[in-house]
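Each chain gets a letter, A, B and so on, in the order the sequences are listed, and its residues count up from 1. Side chains included, hydrogens not; waters and symmetry mates left out as well; all remaining heavy atoms used.
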2 protein chains.
Amino acid sequence: MPDTPIPQASNVTSLAERRLLHETVVDQLRDLIVQGELAPETKLNERVLAERLGTSRTPLREAIKFLASEGLVELLPNRGAVVAPLKPEKMQEVFVVLGALEALAGELACRNASEADIADIRALHYHMLAHHARGELAPYFRYNQQIHQRIIDCAGNATLAQSWRAMNAHVKRARYLANLSGERWDKAVKEHEDMIDALTRRDGAKLQALLRDHLANKLVMVMEALGGRPK
Amino acid sequence: MPDTPIPQASNVTSLAERRLLHETVVDQLRDLIVQGELAPETKLNERVLAERLGTSRTPLREAIKFLASEGLVELLPNRGAVVAPLKPEKMQEVFVVLGALEALAGELACRNASEADIADIRALHYHMLAHHARGELAPYFRYNQQIHQRIIDCAGNATLAQSWRAMNAHVKRARYLANLSGERWDKAVKEHEDMIDALTRRDGAKLQALLRDHLANKLVMVMEALGGRPK
DNA sequence: GCAATCATTTTTGTATGCAAAAATGGAATG
DNA sequence: CATTCCATTTTTGCATACAAAAATGATTGC
(Lines give C-alpha, C1' and ligand atoms only; values in the text may rest on other atoms or scores of the structure.)
Protein backbone atom coordinates (compact mmCIF):
# COMPACT_ATOMS: atom_id res chain seq x y z
CA MET A 1 0.00 0.00 0.00
CA PRO A 2 1.64 3.23 -1.08
CA ASP A 3 1.43 6.42 0.87
CA THR A 4 -1.92 8.11 0.58
CA PRO A 5 -1.34 11.12 -1.64
CA ILE A 6 -2.26 14.46 -0.21
CA PRO A 7 -5.34 15.62 -2.09
CA GLN A 8 -4.23 18.53 -4.23
CA ALA A 9 -7.56 20.09 -4.81
CA SER A 10 -6.70 22.83 -7.26
CA ASN A 11 -3.61 21.77 -9.17
CA VAL A 12 -5.29 19.84 -11.90
CA THR A 13 -2.58 20.06 -14.53
CA SER A 14 -0.30 17.73 -12.67
CA LEU A 15 -2.37 14.66 -13.36
CA ALA A 16 -3.16 15.25 -17.00
CA GLU A 17 -1.02 12.37 -18.14
CA ARG A 18 -3.33 9.84 -19.66
CA ARG A 19 -3.48 9.44 -23.36
CA LEU A 20 -6.80 10.18 -24.95
CA LEU A 21 -7.95 8.81 -28.27
CA HIS A 22 -8.68 12.33 -29.37
CA GLU A 23 -5.05 13.30 -28.86
CA THR A 24 -3.61 10.36 -30.70
CA VAL A 25 -5.92 11.12 -33.57
CA VAL A 26 -4.79 14.73 -33.56
CA ASP A 27 -1.17 13.67 -33.64
CA GLN A 28 -1.70 11.07 -36.35
CA LEU A 29 -3.66 13.45 -38.51
CA ARG A 30 -1.19 16.27 -38.02
CA ASP A 31 1.61 13.91 -39.01
CA LEU A 32 -0.22 12.84 -42.14
CA ILE A 33 -0.61 16.47 -43.12
CA VAL A 34 2.87 17.68 -42.19
CA GLN A 35 4.55 14.69 -43.83
CA GLY A 36 2.60 15.45 -46.96
CA GLU A 37 0.84 12.11 -47.03
CA LEU A 38 -2.35 14.11 -47.08
CA ALA A 39 -1.51 16.69 -49.70
CA PRO A 40 -2.69 20.30 -49.49
CA GLU A 41 -6.32 20.72 -50.49
CA THR A 42 -7.06 17.04 -50.02
CA LYS A 43 -10.65 16.58 -48.97
CA LEU A 44 -10.94 14.89 -45.60
CA ASN A 45 -13.61 12.26 -45.97
CA GLU A 46 -14.71 11.52 -42.45
CA ARG A 47 -15.83 7.97 -43.00
CA VAL A 48 -12.68 6.97 -44.88
CA LEU A 49 -10.27 8.78 -42.55
CA ALA A 50 -11.96 7.45 -39.43
CA GLU A 51 -11.58 3.93 -40.73
CA ARG A 52 -7.96 4.58 -41.68
CA LEU A 53 -7.17 5.83 -38.20
CA GLY A 54 -9.15 3.06 -36.57
CA THR A 55 -11.73 5.21 -34.86
CA SER A 56 -15.19 6.60 -35.39
CA ARG A 57 -16.21 9.90 -36.87
CA THR A 58 -16.76 11.65 -33.56
CA PRO A 59 -13.17 11.76 -32.27
CA LEU A 60 -11.97 12.39 -35.80
CA ARG A 61 -14.22 15.39 -36.15
CA GLU A 62 -12.95 16.72 -32.82
CA ALA A 63 -9.39 16.29 -34.05
CA ILE A 64 -10.24 18.11 -37.27
CA LYS A 65 -11.62 21.03 -35.30
CA PHE A 66 -8.47 21.13 -33.20
CA LEU A 67 -6.24 21.20 -36.26
CA ALA A 68 -8.47 23.80 -37.86
CA SER A 69 -7.59 26.06 -34.96
CA GLU A 70 -3.92 25.43 -35.74
CA GLY A 71 -4.62 26.32 -39.34
CA LEU A 72 -3.60 22.98 -40.80
CA VAL A 73 -7.07 22.22 -42.07
CA GLU A 74 -9.79 24.48 -43.39
CA LEU A 75 -13.44 24.01 -42.56
CA LEU A 76 -15.92 24.37 -45.38
CA PRO A 77 -19.44 24.71 -44.00
CA ASN A 78 -21.58 21.76 -45.03
CA ARG A 79 -18.76 20.53 -47.18
CA GLY A 80 -16.44 19.13 -44.56
CA ALA A 81 -12.77 19.97 -44.29
CA VAL A 82 -9.73 20.05 -46.52
CA VAL A 83 -6.02 20.08 -45.81
CA ALA A 84 -5.06 23.74 -45.78
CA PRO A 85 -3.74 24.89 -49.17
CA LEU A 86 -0.07 25.76 -49.46
CA LYS A 87 -0.46 29.21 -50.92
CA PRO A 88 2.57 31.41 -51.48
CA GLU A 89 0.88 34.34 -49.72
CA LYS A 90 0.19 32.19 -46.69
CA MET A 91 3.80 30.99 -46.63
CA GLN A 92 5.00 34.55 -46.79
CA GLU A 93 2.82 35.46 -43.83
CA VAL A 94 3.89 32.46 -41.81
CA PHE A 95 7.56 33.11 -42.37
CA VAL A 96 7.25 36.70 -41.23
CA VAL A 97 5.57 35.67 -37.98
CA LEU A 98 7.91 32.75 -37.52
CA GLY A 99 10.84 35.13 -38.00
CA ALA A 100 9.59 37.29 -35.17
CA LEU A 101 9.01 34.29 -32.92
CA GLU A 102 12.42 32.78 -33.58
CA ALA A 103 14.13 36.13 -33.15
CA LEU A 104 12.46 36.47 -29.77
CA ALA A 105 13.42 32.92 -28.91
CA GLY A 106 17.02 33.58 -29.89
CA GLU A 107 17.21 36.58 -27.63
CA LEU A 108 15.68 34.71 -24.71
CA ALA A 109 17.82 31.65 -25.33
CA CYS A 110 21.00 33.73 -25.14
CA ARG A 111 19.86 34.83 -21.71
CA ASN A 112 18.43 31.60 -20.38
CA ALA A 113 20.24 28.69 -21.95
CA SER A 114 22.57 26.73 -19.72
CA GLU A 115 26.06 25.88 -20.88
CA ALA A 116 24.90 22.30 -21.21
CA ASP A 117 22.04 23.41 -23.44
CA ILE A 118 24.43 25.25 -25.70
CA ALA A 119 26.76 22.28 -25.80
CA ASP A 120 23.84 20.08 -26.83
CA ILE A 121 22.86 22.42 -29.59
CA ARG A 122 26.44 22.62 -30.72
CA ALA A 123 26.54 18.83 -30.87
CA LEU A 124 23.40 18.77 -32.98
CA HIS A 125 25.04 21.35 -35.20
CA TYR A 126 28.02 19.08 -35.84
CA HIS A 127 25.75 16.16 -36.60
CA MET A 128 24.03 18.40 -39.10
CA LEU A 129 27.35 19.42 -40.62
CA ALA A 130 28.25 15.77 -41.05
CA HIS A 131 25.06 15.03 -42.94
CA HIS A 132 25.52 18.14 -45.02
CA ALA A 133 29.01 16.98 -45.92
CA ARG A 134 27.61 13.66 -47.08
CA GLY A 135 24.74 15.34 -48.90
CA GLU A 136 22.17 13.45 -46.86
CA LEU A 137 19.15 15.66 -47.07
CA ALA A 138 16.65 13.92 -44.80
CA PRO A 139 18.94 13.58 -41.75
CA TYR A 140 20.15 17.12 -42.38
CA PHE A 141 16.57 18.38 -42.15
CA ARG A 142 16.01 16.38 -39.03
CA TYR A 143 18.97 17.86 -37.18
CA ASN A 144 18.17 21.28 -38.57
CA GLN A 145 14.69 21.07 -37.09
CA GLN A 146 16.06 19.80 -33.82
CA ILE A 147 18.41 22.74 -33.53
CA HIS A 148 15.64 25.24 -34.08
CA GLN A 149 13.44 23.34 -31.68
CA ARG A 150 16.13 23.36 -29.00
CA ILE A 151 16.68 27.08 -29.36
CA ILE A 152 12.96 27.61 -28.88
CA ASP A 153 12.99 25.34 -25.85
CA CYS A 154 15.92 27.21 -24.33
CA ALA A 155 13.89 30.38 -24.45
CA GLY A 156 11.96 28.88 -21.55
CA ASN A 157 8.59 30.14 -22.71
CA ALA A 158 6.07 27.36 -23.24
CA THR A 159 3.56 29.71 -24.83
CA LEU A 160 6.15 30.82 -27.34
CA ALA A 161 7.08 27.20 -27.97
CA GLN A 162 3.51 26.19 -28.68
CA SER A 163 2.91 29.10 -30.98
CA TRP A 164 6.14 28.35 -32.81
CA ARG A 165 5.27 24.70 -33.15
CA ALA A 166 1.98 25.49 -34.85
CA MET A 167 3.59 27.97 -37.22
CA ASN A 168 6.46 25.65 -37.93
CA ALA A 169 4.08 22.88 -38.95
CA HIS A 170 3.15 24.97 -41.97
CA VAL A 171 6.78 25.43 -42.90
CA LYS A 172 7.55 21.76 -42.52
CA ARG A 173 4.92 21.00 -45.10
CA ALA A 174 6.86 23.06 -47.61
CA ARG A 175 10.33 21.88 -46.71
CA TYR A 176 10.51 19.19 -49.36
CA LEU A 177 9.81 21.88 -51.94
CA ALA A 178 12.86 23.86 -50.97
CA ASN A 179 15.08 21.94 -53.37
CA LEU A 180 18.37 22.78 -51.72
CA SER A 181 20.89 23.42 -54.45
CA GLY A 182 24.55 23.16 -53.48
CA GLU A 183 25.13 26.87 -53.21
CA ARG A 184 21.98 27.58 -51.25
CA TRP A 185 22.59 24.68 -48.96
CA ASP A 186 26.11 25.85 -48.21
CA LYS A 187 24.76 29.29 -47.41
CA ALA A 188 22.17 27.92 -45.02
CA VAL A 189 24.85 25.91 -43.26
CA LYS A 190 27.05 28.97 -43.00
CA GLU A 191 24.18 30.85 -41.40
CA HIS A 192 23.79 28.07 -38.89
CA GLU A 193 27.47 28.31 -38.17
CA ASP A 194 27.07 31.98 -37.33
CA MET A 195 24.02 31.29 -35.23
CA ILE A 196 25.82 28.75 -33.10
CA ASP A 197 28.60 31.26 -32.75
CA ALA A 198 26.31 34.03 -31.56
CA LEU A 199 24.57 31.67 -29.17
CA THR A 200 27.89 30.58 -27.70
CA ARG A 201 28.86 34.19 -27.17
CA ARG A 202 25.34 34.81 -25.90
CA ASP A 203 25.03 37.71 -28.27
CA GLY A 204 21.24 37.98 -28.27
CA ALA A 205 20.99 40.89 -30.68
CA LYS A 206 23.20 39.14 -33.18
CA LEU A 207 21.42 35.80 -32.90
CA GLN A 208 18.11 37.55 -33.31
CA ALA A 209 19.25 39.19 -36.53
CA LEU A 210 20.77 35.98 -37.83
CA LEU A 211 17.59 34.00 -37.20
CA ARG A 212 15.54 36.62 -38.97
CA ASP A 213 17.82 36.52 -42.00
CA HIS A 214 17.95 32.75 -41.95
CA LEU A 215 14.17 32.56 -42.04
CA ALA A 216 14.00 35.19 -44.76
CA ASN A 217 16.37 33.14 -46.90
CA LYS A 218 14.38 30.00 -46.31
CA LEU A 219 11.32 31.91 -47.42
CA VAL A 220 12.97 32.90 -50.67
CA MET A 221 13.68 29.28 -51.44
CA VAL A 222 10.19 28.15 -50.61
CA MET A 223 8.66 30.98 -52.59
CA GLU A 224 10.66 30.13 -55.68
CA ALA A 225 9.56 26.55 -55.40
CA LEU A 226 5.92 27.47 -54.79
CA GLY A 227 5.83 30.17 -57.41
CA GLY A 228 7.13 27.65 -59.91
CA ARG A 229 4.25 25.37 -59.22
CA PRO A 230 1.33 25.78 -61.56
CA LYS A 231 -1.63 26.39 -59.31
CA MET B 1 -32.00 26.30 -9.66
CA PRO B 2 -35.01 25.46 -11.83
CA ASP B 3 -35.32 26.25 -15.47
CA THR B 4 -33.90 29.73 -15.82
CA PRO B 5 -34.38 30.69 -19.43
CA ILE B 6 -31.12 31.91 -20.87
CA PRO B 7 -31.48 34.71 -23.41
CA GLN B 8 -30.59 32.89 -26.58
CA ALA B 9 -28.71 35.34 -28.74
CA SER B 10 -30.22 34.00 -31.95
CA ASN B 11 -30.22 30.33 -32.48
CA VAL B 12 -32.55 30.93 -35.34
CA THR B 13 -32.11 28.68 -38.29
CA SER B 14 -34.20 30.95 -40.42
CA LEU B 15 -31.46 32.51 -42.45
CA ALA B 16 -29.65 30.17 -44.77
CA GLU B 17 -26.42 31.07 -43.09
CA ARG B 18 -23.21 29.39 -44.05
CA ARG B 19 -22.37 29.63 -40.40
CA LEU B 20 -22.13 26.32 -38.66
CA LEU B 21 -23.49 25.69 -35.23
CA HIS B 22 -20.03 24.65 -34.22
CA GLU B 23 -18.68 28.11 -35.00
CA THR B 24 -21.36 29.99 -33.15
CA VAL B 25 -20.72 27.74 -30.17
CA VAL B 26 -17.00 28.48 -30.38
CA ASP B 27 -17.70 32.20 -30.39
CA GLN B 28 -20.23 32.04 -27.58
CA LEU B 29 -17.99 29.90 -25.43
CA ARG B 30 -14.96 32.06 -26.09
CA ASP B 31 -16.95 35.11 -25.13
CA LEU B 32 -18.09 33.49 -21.91
CA ILE B 33 -14.48 32.74 -21.03
CA VAL B 34 -12.95 36.03 -22.12
CA GLN B 35 -15.67 38.06 -20.44
CA GLY B 36 -15.02 36.15 -17.25
CA GLU B 37 -18.52 34.77 -17.03
CA LEU B 38 -16.86 31.39 -16.94
CA ALA B 39 -14.09 32.03 -14.44
CA PRO B 40 -10.65 30.46 -14.73
CA GLU B 41 -10.58 26.84 -13.61
CA THR B 42 -14.31 26.49 -13.96
CA LYS B 43 -15.21 22.94 -14.87
CA LEU B 44 -17.05 22.73 -18.16
CA ASN B 45 -19.96 20.39 -17.61
CA GLU B 46 -20.95 19.30 -21.09
CA ARG B 47 -24.59 18.57 -20.38
CA VAL B 48 -25.15 21.86 -18.57
CA LEU B 49 -23.19 23.98 -21.03
CA ALA B 50 -24.80 22.37 -24.05
CA GLU B 51 -28.21 23.16 -22.64
CA ARG B 52 -27.17 26.69 -21.82
CA LEU B 53 -25.95 27.25 -25.37
CA GLY B 54 -28.98 25.55 -26.83
CA THR B 55 -27.20 22.72 -28.53
CA SER B 56 -26.15 19.15 -27.97
CA ARG B 57 -22.92 17.82 -26.59
CA THR B 58 -21.37 17.01 -29.95
CA PRO B 59 -20.92 20.53 -31.33
CA LEU B 60 -20.03 21.72 -27.84
CA ARG B 61 -17.26 19.18 -27.54
CA GLU B 62 -15.94 20.21 -30.95
CA ALA B 63 -15.93 23.80 -29.80
CA ILE B 64 -14.09 22.84 -26.63
CA LYS B 65 -11.40 21.10 -28.66
CA PHE B 66 -11.07 24.16 -30.85
CA LEU B 67 -10.64 26.46 -27.87
CA ALA B 68 -8.23 24.00 -26.29
CA SER B 69 -6.00 24.54 -29.28
CA GLU B 70 -6.21 28.28 -28.61
CA GLY B 71 -5.25 27.60 -25.02
CA LEU B 72 -8.41 29.01 -23.48
CA VAL B 73 -9.48 25.67 -22.06
CA GLU B 74 -7.48 22.77 -20.74
CA LEU B 75 -8.38 19.19 -21.45
CA LEU B 76 -8.20 16.75 -18.57
CA PRO B 77 -8.32 13.18 -19.87
CA ASN B 78 -11.45 11.43 -18.68
CA ARG B 79 -12.28 14.43 -16.58
CA GLY B 80 -13.50 16.80 -19.21
CA ALA B 81 -12.27 20.34 -19.59
CA VAL B 82 -11.76 23.42 -17.46
CA VAL B 83 -11.36 27.08 -18.29
CA ALA B 84 -7.62 27.64 -18.46
CA PRO B 85 -6.21 28.92 -15.17
CA LEU B 86 -4.95 32.50 -15.04
CA LYS B 87 -1.50 31.83 -13.69
CA PRO B 88 1.02 34.65 -13.34
CA GLU B 89 3.70 32.62 -15.13
CA LYS B 90 1.39 32.05 -18.05
CA MET B 91 0.55 35.73 -18.21
CA GLN B 92 4.21 36.60 -18.24
CA GLU B 93 4.79 34.25 -21.15
CA VAL B 94 1.82 35.52 -23.08
CA PHE B 95 2.85 39.13 -22.70
CA VAL B 96 6.34 38.42 -23.95
CA VAL B 97 5.02 36.74 -27.09
CA LEU B 98 2.33 39.35 -27.54
CA GLY B 99 4.99 42.03 -27.28
CA ALA B 100 6.91 40.49 -30.14
CA LEU B 101 3.77 40.11 -32.24
CA GLU B 102 2.61 43.68 -31.67
CA ALA B 103 6.10 45.01 -32.30
CA LEU B 104 6.13 43.20 -35.61
CA ALA B 105 2.65 44.46 -36.40
CA GLY B 106 3.69 48.00 -35.57
CA GLU B 107 6.60 47.85 -37.96
CA LEU B 108 4.49 46.37 -40.73
CA ALA B 109 1.66 48.82 -40.09
CA CYS B 110 4.01 51.76 -40.50
CA ARG B 111 4.86 50.40 -43.91
CA ASN B 112 1.46 49.24 -45.07
CA ALA B 113 -1.21 51.39 -43.46
CA SER B 114 -3.03 53.82 -45.73
CA GLU B 115 -3.49 57.40 -44.67
CA ALA B 116 -7.15 56.60 -44.17
CA ASP B 117 -6.23 53.74 -41.85
CA ILE B 118 -4.08 56.02 -39.77
CA ALA B 119 -6.82 58.64 -39.67
CA ASP B 120 -9.24 55.98 -38.43
CA ILE B 121 -6.88 54.89 -35.70
CA ARG B 122 -6.32 58.48 -34.73
CA ALA B 123 -10.07 58.94 -34.46
CA LEU B 124 -10.33 55.91 -32.21
CA HIS B 125 -7.53 57.37 -30.14
CA TYR B 126 -9.47 60.58 -29.56
CA HIS B 127 -12.56 58.64 -28.59
CA MET B 128 -10.38 56.80 -26.12
CA LEU B 129 -9.00 60.07 -24.78
CA ALA B 130 -12.52 61.32 -24.24
CA HIS B 131 -13.48 58.31 -22.20
CA HIS B 132 -10.25 58.53 -20.25
CA ALA B 133 -11.03 62.15 -19.46
CA ARG B 134 -14.40 61.12 -18.12
CA GLY B 135 -12.95 58.16 -16.24
CA GLU B 136 -15.16 55.72 -18.12
CA LEU B 137 -13.24 52.52 -17.86
CA ALA B 138 -15.30 50.12 -19.96
CA PRO B 139 -15.55 52.31 -23.07
CA TYR B 140 -11.88 53.19 -22.63
CA PHE B 141 -10.96 49.52 -22.75
CA ARG B 142 -13.15 49.00 -25.78
CA TYR B 143 -11.47 51.74 -27.79
CA ASN B 144 -8.08 50.69 -26.51
CA GLN B 145 -8.67 47.19 -27.83
CA GLN B 146 -9.96 48.54 -31.10
CA ILE B 147 -6.82 50.59 -31.59
CA HIS B 148 -4.56 47.62 -31.03
CA GLN B 149 -6.77 45.52 -33.26
CA ARG B 150 -6.60 48.09 -36.04
CA ILE B 151 -2.82 48.28 -35.85
CA ILE B 152 -2.67 44.53 -36.20
CA ASP B 153 -5.06 44.65 -39.13
CA CYS B 154 -2.99 47.33 -40.84
CA ALA B 155 -0.01 45.00 -40.77
CA GLY B 156 -1.82 43.12 -43.51
CA ASN B 157 -0.82 39.70 -42.26
CA ALA B 158 -3.81 37.49 -41.54
CA THR B 159 -1.66 34.82 -39.93
CA LEU B 160 -0.20 37.38 -37.57
CA ALA B 161 -3.67 38.68 -36.86
CA GLN B 162 -5.01 35.28 -35.94
CA SER B 163 -2.07 34.48 -33.72
CA TRP B 164 -2.43 37.82 -32.02
CA ARG B 165 -6.14 37.33 -31.50
CA ALA B 166 -5.58 34.05 -29.70
CA MET B 167 -2.86 35.49 -27.47
CA ASN B 168 -4.86 38.61 -26.81
CA ALA B 169 -7.80 36.56 -25.59
CA HIS B 170 -5.70 35.53 -22.61
CA VAL B 171 -4.84 39.13 -21.85
CA LYS B 172 -8.44 40.24 -22.13
CA ARG B 173 -9.35 37.81 -19.40
CA ALA B 174 -7.00 39.62 -17.05
CA ARG B 175 -7.86 43.16 -18.06
CA TYR B 176 -10.37 43.73 -15.31
CA LEU B 177 -7.67 42.86 -12.80
CA ALA B 178 -5.44 45.65 -13.98
CA ASN B 179 -7.06 48.13 -11.61
CA LEU B 180 -6.01 51.24 -13.44
CA SER B 181 -5.02 53.79 -10.83
CA GLY B 182 -5.00 57.42 -11.93
CA GLU B 183 -1.27 57.63 -12.38
CA ARG B 184 -0.93 54.35 -14.23
CA TRP B 185 -3.85 55.15 -16.43
CA ASP B 186 -2.39 58.50 -17.38
CA LYS B 187 0.87 56.82 -18.24
CA ALA B 188 -0.83 54.27 -20.47
CA VAL B 189 -2.67 57.06 -22.26
CA LYS B 190 0.57 58.94 -22.73
CA GLU B 191 2.12 55.85 -24.27
CA HIS B 192 -0.79 55.63 -26.67
CA GLU B 193 -0.24 59.24 -27.55
CA ASP B 194 3.34 58.46 -28.51
CA MET B 195 2.29 55.40 -30.46
CA ILE B 196 -0.15 57.37 -32.56
CA ASP B 197 2.59 59.87 -33.12
CA ALA B 198 5.07 57.27 -34.32
CA LEU B 199 2.47 55.68 -36.55
CA THR B 200 1.63 59.03 -38.11
CA ARG B 201 5.30 59.65 -38.81
CA ARG B 202 5.51 56.02 -39.95
CA ASP B 203 8.48 55.52 -37.68
CA GLY B 204 8.39 51.74 -37.55
CA ALA B 205 11.35 51.28 -35.24
CA LYS B 206 9.93 53.75 -32.77
CA LEU B 207 6.43 52.30 -32.85
CA GLN B 208 7.89 48.85 -32.37
CA ALA B 209 9.77 49.96 -29.26
CA LEU B 210 6.75 51.82 -27.89
CA LEU B 211 4.47 48.82 -28.31
CA ARG B 212 6.96 46.61 -26.57
CA ASP B 213 7.20 48.99 -23.63
CA HIS B 214 3.47 49.48 -23.54
CA LEU B 215 2.93 45.74 -23.29
CA ALA B 216 5.64 45.42 -20.66
CA ASN B 217 3.92 48.06 -18.55
CA LYS B 218 0.59 46.36 -18.94
CA LEU B 219 2.23 43.17 -17.77
CA VAL B 220 3.52 44.85 -14.64
CA MET B 221 0.02 45.94 -13.76
CA VAL B 222 -1.48 42.55 -14.40
CA MET B 223 1.28 40.82 -12.49
CA GLU B 224 0.76 43.01 -9.47
CA ALA B 225 -2.92 42.25 -9.53
CA LEU B 226 -2.37 38.54 -10.02
CA GLY B 227 0.47 38.30 -7.54
CA GLY B 228 -1.71 40.00 -4.98
CA ARG B 229 -4.31 37.34 -5.40
CA PRO B 230 -4.00 34.60 -2.81
CA LYS B 231 -4.12 31.49 -4.94
C1' DG C 1 -15.62 10.10 15.08
C1' DC C 2 -13.06 8.81 11.09
C1' DA C 3 -11.40 6.44 7.24
C1' DA C 4 -12.10 2.87 3.98
C1' DT C 5 -15.20 0.42 1.03
C1' DC C 6 -18.47 -0.28 -2.22
C1' DA C 7 -22.95 0.53 -4.57
C1' DT C 8 -25.10 4.30 -7.01
C1' DT C 9 -25.18 8.29 -9.74
C1' DT C 10 -23.06 11.35 -12.75
C1' DT C 11 -20.06 12.53 -16.42
C1' DT C 12 -17.13 11.67 -19.98
C1' DG C 13 -15.58 9.32 -24.34
C1' DT C 14 -16.91 6.99 -28.33
C1' DA C 15 -20.10 4.95 -31.58
C1' DT C 16 -24.16 5.11 -34.09
C1' DG C 17 -28.56 6.98 -36.05
C1' DC C 18 -30.89 10.24 -38.74
C1' DA C 19 -32.13 14.38 -41.34
C1' DA C 20 -30.45 17.81 -44.41
C1' DA C 21 -27.13 19.38 -47.66
C1' DA C 22 -24.12 18.33 -51.37
C1' DA C 23 -22.30 15.41 -54.90
C1' DT C 24 -23.22 12.19 -58.52
C1' DG C 25 -24.95 10.42 -62.63
C1' DG C 26 -28.10 9.74 -66.18
C1' DA C 27 -31.93 10.96 -69.10
C1' DA C 28 -34.23 14.65 -71.57
C1' DT C 29 -33.86 18.82 -74.14
C1' DG C 30 -32.01 22.45 -76.87
C1' DC D 1 -22.53 17.85 -78.08
C1' DA D 2 -23.37 20.54 -74.21
C1' DT D 3 -26.67 21.68 -70.71
C1' DT D 4 -30.26 21.32 -67.49
C1' DC D 5 -32.99 18.96 -64.77
C1' DC D 6 -34.08 15.49 -61.31
C1' DA D 7 -33.67 11.07 -58.88
C1' DT D 8 -30.22 8.63 -56.34
C1' DT D 9 -26.30 8.22 -53.55
C1' DT D 10 -23.02 10.04 -50.59
C1' DT D 11 -21.48 12.98 -47.02
C1' DT D 12 -21.90 16.10 -43.58
C1' DG D 13 -23.84 18.06 -39.18
C1' DC D 14 -26.18 17.29 -35.18
C1' DA D 15 -28.48 14.40 -31.75
C1' DT D 16 -28.66 10.52 -29.12
C1' DA D 17 -27.28 5.91 -27.22
C1' DC D 18 -24.26 3.32 -24.65
C1' DA D 19 -20.11 1.78 -22.19
C1' DA D 20 -16.38 3.13 -19.25
C1' DA D 21 -14.47 6.16 -16.00
C1' DA D 22 -14.99 9.28 -12.24
C1' DA D 23 -17.56 11.48 -8.62
C1' DT D 24 -20.74 10.83 -4.92
C1' DG D 25 -22.42 9.27 -0.79
C1' DA D 26 -24.09 5.87 2.24
C1' DT D 27 -22.44 2.01 5.06
C1' DT D 28 -19.27 -0.60 7.55
C1' DG D 29 -15.55 -1.48 10.53
C1' DC D 30 -12.28 0.29 13.52
Nearest-Å distance, [atom1] ([X]) to [atom2] ([N])?
X        : N       : atom1 : atom2 : value
Arg47(A) : dT16(C) : CZ    : C1'   : 15 Å
Asn45(A) : dA23(C) : CG    : P     : 13 Å
Glu23(B) : dT12(D) : CD    : C1'   : 14 Å
Leu49(B) : dT12(C) : CG    : C1'   : 14 Å
Glu46(A) : dC14(D) : CD    : P     : 11 Å
Leu44(A) : dT12(D) : CG    : P     : 9 Å
Lys65(B) : dT12(C) : NZ    : P     : 10 Å
His22(B) : dA20(C) : NE2   : P     : 22 Å

Grab the two heavy atoms, one from Asn168(A) and one from Leu98(A), that are nearest each other, plus how far apart they are. N-CD1, 4.0 Å
Could you check which of [options] has an atom nearest any side-chain atom of [X]?
X        : options                   : answer
Glu62(A) : dT14(C), dA15(D), dT12(D) : dT14(C)
Ser56(B) : dT11(D), dC14(D), dT12(C) : dC14(D)
Arg57(B) : dC18(D), dA15(D), dT12(D) : dC18(D)

Within the pair [X] and [N], is there a side-chain N or O less than 4.0 Å away from OP1 or OP2?
X        : N       : answer
Arg79(B) : dA22(D) : no
Thr58(A) : dT14(C) : no
Asn78(A) : dT12(D) : no
Lys43(A) : dA23(C) : no
Arg61(B) : dG13(C) : yes

Take the angle between the ring planes of His148(A) and His192(A) and call it parallel below 30°, perpendicular above 60°, tilted in between. perpendicular
On the 0 to 90° scale, with breaks at 30° and 60°, tag the Tyr140(A)-Trp185(A) ring pair as parallel, tilted or perpendicular. perpendicular
More than 12 heavy atoms of other residues, nucleotides or ligands under 6.0 Å from CD of Glu89(B): is that the case? yes
Inspect the contact between Glu74(B) and Arg79(B) and indicate whether a charged nitrogen and a carboxylate oxygen are less than 4.0 angstrom apart. no
Which comes earlier along DNA chain C counting from the 5' end, the contact point of Gly80(B) or that of Gly54(A), where each point is its nearest nucleotide? Gly80(B)
